[in-house]
Undergrad: 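Below you'll find the structure I mean.
Hydrogens, waters and symmetry mates are skipped; everything else that's a heavy atom, side chains included, is used.
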Amino acid sequence: MSYVHLRIHTEYSIVDGSLRVDDAVAAARADGQGALAITDLNNLFAGVRFYKAARDAGVKPILGCDVRVAAPEGGAQDAPTGLLLLVTDRQGYLNLCELLSRAWLHGQR
């Protein structure tokens, strides 16, 4: 199996992305990659567009998200820790949507 990128931030990654979804999928197809993951920072805004583009190009879409997890109050660590979450099935997608929704509703940092 060829190399698979599992950590790509697209133009929908609010803080640090500039790669267009269509360009990422086209590059993966041109390289012969069987799959590609996008993991934008704290959101799934590109999910539907990416999923459709990847399927149409014959590339297996893998959805995920880079999230920041804050230390508990009074913890020794000041900066949040990065965590990569990848979706493996429909339930995983729903779980990730729930986590991200809670973060937005209850004051993500």
Undergrad: Quick one: list whatever passes side-chain contact (heavy atoms from CB on, under 4.5 Å) with Leu44, sequence neighbours left out.
TA: Tyr93, Leu96, Cys97, Leu100
Undergrad: Which pair of heavy atoms, one from Arg68 and one from Gly82, lies closest together, and at what distance?
TA: NH1-CA, 3.6 Å
Undergrad: List for me each residue that meets salt bridge (Lys or Arg N to Asp or Glu O under 4.0 Å) alongside Arg49, sequence neighbours excluded, and say none if there are none.
TA: Asp22
Undergrad: Indicate, with yes or no, if Leu19 and Leu63 share a hydrophobic cluster defined by side-chain heavy-atom contacts under 4.5 Å among Ile, Leu, Val, Met, Phe, Trp and Tyr.
TA: yes
Undergrad: Does Ser13 reach the main-chain N or O of Leu41 with its side chain, forming a donor-acceptor pair under 3.5 Å?
TA: yes
Undergrad: Show the atom names and distances, to 0.1 Å, of all donor-acceptor pairs under 3.5 Å that link a side chain in residues 27-36 to residues at least two apart or in another chain.
TA:
residue, atom, partner, partner atom, Å
Arg29, NH1, Ala57, O, 2.4

Undergrad: Not counting sequence neighbours, list each pair that qualifies as a salt bridge (Lys or Arg N to Asp or Glu O under 4.0 Å) and has a residue in residues 82-99.
TA: Glu98-Arg102
Undergrad: Drop me the distance from Ile38's CD1 to His5's NE2, to the nearest 0.5 angstrom.
TA: 14.0 Å
Undergrad: Should Ile8 and Leu83 be regarded as members of a common hydrophobic cluster, given that ILVMFWY residues are connected when their side-chain heavy atoms come within less than 4.5 Å of each other, either directly or indirectly?
TA: yes
Undergrad: Name all residues meeting the side-chain hydrogen bond (donor to acceptor under 3.5 Å, both in side chains) criterion together with Lys60; count only those two or more places apart in sequence or in a different chain, and write none if there are none.
TA: none
Undergrad: Kindly say whether Asn43 contributes a backbone atom to a donor-acceptor pair with the side chain of Trp104 at under 3.5 angstrom?
TA: no
Undergrad: Between Leu84 and Val4, is there a shared hydrophobic cluster once you connect ILVMFWY residues whose side-chain heavy atoms come closer than 4.5 Å?
TA: yes
Undergrad: With ring pair (Phe, Tyr, Trp, His ring centres under 6.0 Å) as the rule and sequence neighbours excluded, what pairs involving residues 8-50 come up?
TA: none
Undergrad: Can you name the residues that form a salt bridge (Lys or Arg N to Asp or Glu O under 4.0 Å) with Arg55, not counting sequence neighbours?
TA: none
Undergrad: I need the Asn95 CG to Leu85 CG distance, nearest 0.5 Å.
TA: 10.5 Å
Undergrad: Between Asp66 and Asp40 (side chain of the first, backbone of the second, donor and acceptor by atom type, cut-off under 3.5 Å), is there such a pair?
TA: no
Undergrad: Say you draw a straight line from OG1 of Thr39 to CD1 of Ile62; how long is it, rounded to the nearest 0.5 Å?
TA: 10.5 Å
Undergrad: Please list, chain by chain and in numerical order, all residues satisfying side-chain hydrogen bond (donor to acceptor under 3.5 Å, both in side chains) with Asp23, sequence neighbours excluded.
TA: none
